[in-house]
Amino acid sequence: MTSLLLFDTLTRQKQDLGPPGQAPVRFYSCGPTVYNRVHVGNLRAFLFYDVLKRALLWLGYPVRHVMNLTDVDDKTIKGSRAESVSLRAFTERYTELFLKDMDALGALRPDVMPRATDYVPQMVDLVQRLLDKGVAYRSDDGSVYFKIGAFPGYGRLSHLEARTLQAGAGGRVAQDEYEKEDVQDFALWKAWSEEDGDVAWDTALGKGRPGWHLECSALAFEHLGESLDIHAGGVDLVFPHHENEIAQSEAASGKTFSRLWVHNEHLLVGGQKMAKRLKNFFTLGDLVQLAGATPREVRYALISAHYRSQLNLQVTYEGEGEARRPVRFDSLEVARGALRRLDQFRKDLQAKATGEAPAGGAERLARAKDEYREAVRDDLNVPRALGVLFELVTDVNKLGAWDAAYAREVQAFLDDADRVLGVLTPEPEALAPDEQALFERWKAAREAKDWAAADEARAALQAKGIQVQARKGSEPTWARG
RNA sequence: GGCGGCAUAGCCAAGUGGUAAGGCAACGGAUUGCAAAUCCGUCAUCCCCCGGUUCAAAUCCGGGUGCCGCCUCCA
């Protein structure tokens, strides 16, 4: 079986995507609001999208992936005004930082990354369609709201009966809420107000800006059509964002908006929700600086738990209150150790290819391939998939030695498996000429049993952060770190 | 108050009816000129607690305890 099973939030069951066909899987994922550096919790979500997309491609599905960039909302407007720069300049800055992080983490770029503000006409058209159908209305101030009472299926995704929603339970009802006919109605179009400054579009709907929920529907329609195959996001978006997307999209098109809805759970840091107050709020840059982690280690840590489970990034702190600070990022050390084992195995594949074709080796590899595929196929069970790889590592190591052909086959499997995980391939590294010379000198000195010279060369390499290894039955190797 | 999720070894984390994957750490061994690294092995009679269903439950049901999330713009 090659078809992917995904847990669908709407039906609360694993659904079979069906076998790969000619038509691309229409995949939409909710992107960042570009008003700030994204934090590791955000990054977990984006890496989930990445692994999902990689799994689809690996299983043979053509994919068209669209991820939006929210570049107009309260936060971006507030941020740009505070700095007296244009909204575009402000959001462009954080867009670039976001892309830099994603590239560093090895995430494949989406096929299209539309900015909301580039699609105002399409959003206005969509609002117009909803007004024409009578499922939206204008308030006195010129804003347009979606009338959720006119959409019978409202609440199906989040499994909240519309009438049990407790108005204002979050204590965040805005002052202008009296403009709405029903507290649960949401804004499709927001009439310009003083706080918006010069952020406004003059449109057939009047002067104002689009509501947040609207952009995803409009962008999806524009780039993927009115029906999607997979729509992804974080669990916090189930309600109200995705509920509202469904309402406005389906009310407008009369079609099912998305076949499957997938949501990733949140990241916890030190067992708690991230919050600046708790000093457990980190960006990729923070982890690289504070923990000395490589982006690759961060990627491993963020994808190594199942996407539907809360992932606890374990951190050890010292001090209390204001003095509290992280002293050890346990999860990143785990990632480092695990990757070291995998990297070492790759080196050993070459170094120990001095024997003959191992008995049972082919069968063992074939089993790993089957198990790996099944783990990926079954709702992206990355923890299980990693387990399959580690089990293979142990078993192949037990063979002791093998021939070059077997080394190549195992290597090829790891390369193939990495098309999904994007984390197995070590960053390409090479020794600088002077380092290479030291390495050669160390090897030669060992050959000559000139231990003093060998120790000297080794110490020089270690001073440069290079560890050397000498083992019987295989070529000497080196590693950084 | 309403809705939902989760509780598995020191830590992280799979497993959802057939008798506990994997990683880190720890400990033992092998290897090594020494060392580091590496490799192998050991490491949960048991899966938050109490009842129940079943030939059989970490896995299903009921109750309890604890933690987390959502309830209008937070991945």
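Only a predicted model underlies this, so the values are computations on that prediction, with no experimental measurement involved.
- An OP1 or OP2 oxygen of B/A14 is reached within less than 4.0 angstrom by no side-chain nitrogen or oxygen of A/Asn381.
- Taking only side-chain nitrogens and oxygens, A/Ser309 comes nearer than 4.0 Å to OP1 or OP2 of B/A14.
- A/Gly337 comes within 4.0 angstrom of sugar-phosphate atoms only, judged by non-hydrogen atoms across all strands, and of no base.
- No engagement by A/His241 is indicated, since no non-hydrogen atom pair under 4.0 Å with the nucleic acid exists.
- Distance, A/Lys443 NZ to B/G33 P: 17 Å, rounded to whole Å.
- Between A/Arg341 and B/A25 there is no side-chain polar atom (N or O) within less than 4.0 angstrom of OP1 or OP2.
- Base contact: A/Ala454 has a heavy atom under 4.0 Å from a base atom.
- Ring-to-base geometry places A/Trp451 in a stacked arrangement with B/G33 (centre distance under 5.5 Å, plane angle under 30°).
- Under the Watson-Crick or G-U wobble criterion, with both distances below 3.5 Å, B/A9 has no partner in any strand shown.
- Atom NE2 in A/His39 sits about 7 Å away from atom C1' in B/A75, given to the nearest Å.
- The shortest distance between the side-chain N/O atoms of A/Lys352 and the OP1/OP2 oxygens of B/U31 is not below 4.0 Å.
- Pair check for B/U16 finds none; no Watson-Crick or G-U wobble contact set falls under 3.5 Å.
- A/Arg37 and A/Asp101 are joined by a salt bridge, as a carboxylate oxygen and a charged side-chain nitrogen come within less than 4.0 angstrom of each other.
- Following rounding to the nearest Å, A/Asp236 (CG) and B/G5 (C1') show an atom-to-atom distance of 14 Å.
- To the nearest angstrom, P of B/C12 lies 19 Å from CG of A/Leu339.
- Going from atom CG of A/Asp455 over to atom P of B/U32 covers 17 Å, rounded to whole Å.
- Using a 4.0 Å heavy-atom criterion, one finds that A/Arg336 contacts no nucleic acid atom at all.
- Heavy atoms of A/Thr70 sit nowhere under 4.0 angstrom from any nucleic acid atom.
- Using a 4.0 Å cut-off between charged nitrogen and carboxylate oxygen, A/Glu297 and A/Arg336 count as a salt-bridge pair.
- Here A/Arg367 does not pair with A/Glu363 in a salt bridge; the nearest charged N to carboxylate O distance is not below 4.0 Å.
- Of all nucleotides listed (B/A21, B/U38, B/G23), B/U38 comes nearest to the side chain of A/Gln344.
- Residue A/Gln314 places none of its side-chain N or O atoms closer than 4.0 Å to OP1 or OP2 of B/C11.
- A/Arg384 and A/Asp378 are not joined by a salt bridge, as no carboxylate oxygen comes within less than 4.0 angstrom of a charged side-chain nitrogen.
- Backbone-only engagement by A/Asn397 is indicated by non-hydrogen atom pairs under 4.0 Å involving sugar-phosphate atoms exclusively.
- The OH-P distance, from A/Tyr307 to B/A14, rounds to 12 Å in whole Å.
- Between A/Lys398 and B/G41, a side-chain N or O to OP1/OP2 separation shorter than 4.0 Å is present.
- With a cut-off of 3.5 Å on both pairing distances, the Watson-Crick or G-U wobble partner of B/G62 is B/C50.
- Rounded to whole angstrom, the span from the CD atom of A/Gln272 across to the P atom of B/G69 amounts to 9 Å.
- A salt bridge links A/Arg458 to A/Asp455: one of the charged nitrogens lies within less than 4.0 Å of a carboxylate oxygen.
- Comparing atom distances between the A/Asn312 side chain and each of B/C12, B/C24, B/A75 picks out B/C12 as nearest.
- B/G5 atom C1' lies 16 Å from atom CG of A/Leu311, rounded to whole Å.
- The partner of B/G4 is B/C68, judged by Watson-Crick or G-U wobble contacts that both fall below 3.5 Å.
- The phosphate of B/C67 has neither OP1 nor OP2 within less than 4.0 Å of any side-chain N or O from A/Lys273.
- Note on A/Arg328: every side-chain N or O is 4.0 Å or more away from OP1 and OP2 of B/C11.
- With RNA chain B read from its 5' end, the first of the two nearest nucleotides for A/Pro32 and A/Thr394 is the one closest to A/Thr394.
- In this structure, A/Met67 reaches neither bases nor backbone, as no heavy-atom distance under 4.0 Å exists between it and the strands shown.
- Using a 4.0 Å cut-off between charged side-chain N and carboxylate O, A/Arg364 and A/Asp395 make a salt bridge.
- A 3.5 Å limit on both hydrogen-bonding distances identifies B/C40 as the Watson-Crick or G-U partner of B/G28.
- Under the side chain to side chain donor-acceptor pair (under 3.5 Å) test applied with A/Thr117, the options A/Asp71, A/Thr70, A/Thr76 reduce to a single match, A/Asp71.
- Heavy atoms of A/Leu267 sit under 4.0 angstrom from at least one base atom.
- The base of B/A37 has none of its N or O atoms less than 3.5 Å from a complementary donor or acceptor on the side chain of A/Arg340.
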